[in-house]
*Asks:* 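Please find one structure pasted underneath; my questions will follow.
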Amino acid sequence: MTQTATPSAADTARESAFEAVIADGGYIEPKDWMPDRYRKQLVRMMSQHAHSEIVGMLPEGNWLTRAPSLRRKMTLLAKVQDEAGHGLYIYCGAETLGVDRHELVDQLHAGTAKYSSIFNYPTLSWADIGMIGWLVDGAAIVNQTMLAKASYGPYARAMIRICKEENFHKRQGYEICATLAGGTPAQRAMAQESLNRWWWPSLMMFGPSDKDSPNSAELMKWGVKRKSNDELRQRFVNLTIPQGQALGLTFPDPDLRYDEATDNWEFGEIDWDEFWSVVKGHGPCNEERLEARRAAHDNGAWVRAAAEAYAAKQRAARAAVAASPRETRRRS
Ligand code: 3HC
C-alpha cells in the first residue's frame with residue numbers, strides 16, 4: 001500500500017494561503033505557490049485559448065483577398081492581425097506558468113492540442129465574415145468578460161485588453177450583417193443562409209452542458225471560471241436573439257421562445273454528437289486547419305532563424321562592449 005506523505009506544516013500553510021487568496025477573490029500571480037492541478041488546468045485552458053486565436057485567423061483569412069471593398073478589406077485585416085496578437089498574448093500568459101510556447105505549438109501541429117470547435121467550419125460566403133464577428137466574437141466576449149475576473153492574474157489581465165479589441169470585432173461583424181440584411185434580396189438571403197450555418201456551432205463554443213463538463217467544477221472552485229458553460233451560453237443567447245430580430249433574421253431553432261418568468265430565451269437541444277465529433281477532429285475543416293498551420297510554421301522557419309541570428313549578434317555585440325577595456329575602466 002503506498003504511504004501518502006503527511007503534508008508538512010509548511011505545505012499546509014502554503015495551501016491555506018492559496019485558498020485564502022481564492023476565497024477573497026484575489027489574484028494568484030506567477031511567483032505564488034499554487035497546486036500542480038491548478039497550474040495544469042490553466043495551461044490546458046490558456047493553450048487552447050491561444051491556439052483558438054491563431055487557428056481562428058484562417059477562416060477569416062480566406063476572405064481577405066475577396067472582401068467587397070477596400071474598407072471591408074482593411075477592417076478584416078485589422079481584425080485578423082488583432083487575433084494573432086491575442087494568440088501571442090495568451091501564449092505569453094501560459095509561459096508564466098512554466099511552459100514553453102514552442103511545446104504548445106508543437107502539440108497543436110501534432111493534433112494533440114485542442115482549439116475551439118467553431119474554427120473547423122468553412123467560410124463559404126462574405127456573410128460568414130459578418131457572422132463570425134457578430135456571433136463568434138460575440139460569444140468570445142461573453143466568455144472572456146467572465147475570464148477577465150479569473151483568479152490567475154496574467155490570464156485575467158490579458159482578457160481585459162483582449163475584450164476591448166473583441167468589441168471592435170463584434171461591431172464590424174454586426175455591421176456587415178446589418179448591411180446585408182438591409183440590402184438586396186440576394187444579400188438578405190446570403191445573411192440568412194449564413195446564420196443558419198453559424199448559429200448552432202456558436203452555441204457549442206461554450207463547451208458541453210454543465211452535467212457533461214469534467215473540468216468546470218474544479219475551475220469554478222478555484223475561481224478560474226466564475227460562471228458555468230450553460231450560464232454563459234444562456235447569457236449569449238439572451239443578448240443575441242434581439243440583435244438578430246432587429247435585423248429581421250430568423251434563428252434556425254423552431255424551439256426558440258421567450259420565457260417571461262425567467263427572462264430567458266429558451267432554445268432547442270444542441271447536437272452534442274456533432275459537437276464531440278468536431279472536438280475529436282472530425283469536423284468539416286479540422287485537417288485543413290492543421291495542415292495550414294503546419295505549412296505556415298514550416299514556411300516561417302527562415303524568419304525565426306533570422307530573428308534568432310540577429311538577436312545572437314546583438315548579444316555578442318553587447319558582451320564585447322561590456323568586456324572592452326574602456327568599459328572595464330568606466331565601471332571600476
Ligand atoms: N471546442 C473544442 N474543445 C472544447 C470546446 C470547444 N468549443 N468546449 C469544450 N471543449 C473541450 C475542453 O477543452 C475539454 O477537453 P480537455 O479536458 O481535453 O481540454 C472538454 O471539451 C470538456 O469540456 P469542459 O467544459 O470540461 O472544459 P472547460 O472547463 O475547459 O470549458 C471552455 C471549455 C468554455 C472552452 C473553456 O476551456 C474556456 O473558457 N476556454 C478559454 C476560452 C477559449 O478557449 N475560447 C475559445 C474561443 S477563442 C475565440 O473565439 C477567439 C475570438 O477572437 C474569436
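First listed ligand is number 1; within each ligand, the first listed atom is number 1. As the structure is a prediction and not an experimental result, all values here were calculated from the model. Any value given below was found using the heavy atoms of this structure, including those in side chains, with hydrogens, waters and symmetry copies removed. Note that the numbering runs from 1 along the sequence shown for the chain.
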*Asks:* Could you check whether R289 makes a cation-pi contact with F119, meaning its NZ or CZ is under 6.0 Å from the centre of the six-membered ring and within 45° of the ring axis?
*Replies:* no

*Asks:* Transitive ILVMFWY cluster of L70 at side-chain heavy atoms under 4.5 Å: who else is in it?
*Replies:* M74

*Asks:* With no hydrogens and no angle check, just 3.5 Å: does a side-chain donor-acceptor pair link N238 and N264?
*Replies:* yes

*Asks:* Inspect the contact between K170 and E166 and indicate whether a charged nitrogen and a carboxylate oxygen are less than 4.0 angstrom apart.
*Replies:* no

*Asks:* Could you work out, with salt bridge (Lys or Arg N to Asp or Glu O under 4.0 Å) as the rule, every residue matching E175, not counting sequence neighbours?
*Replies:* R71, R72

*Asks:* According to side-chain hydrogen bond (donor to acceptor under 3.5 Å, both in side chains), does anything in residues 276-288 pair up with another residue at least two apart or in another chain? List the pairs.
*Replies:* E287-R294

*Asks:* Counting only heavy atoms and a distance below 4.0 Å, can you name the residues contacting ligand 1?
*Replies:* R44, M45, Q48, H49, S52, E53, E83, K114, Y115, S116, S117, F119, V136, D137, A140, N143, L147, Y155, E166, M204, M205, F206, G207, P208, S213, P214, N215, S216, L219, K225, N229, F275, W276, V279

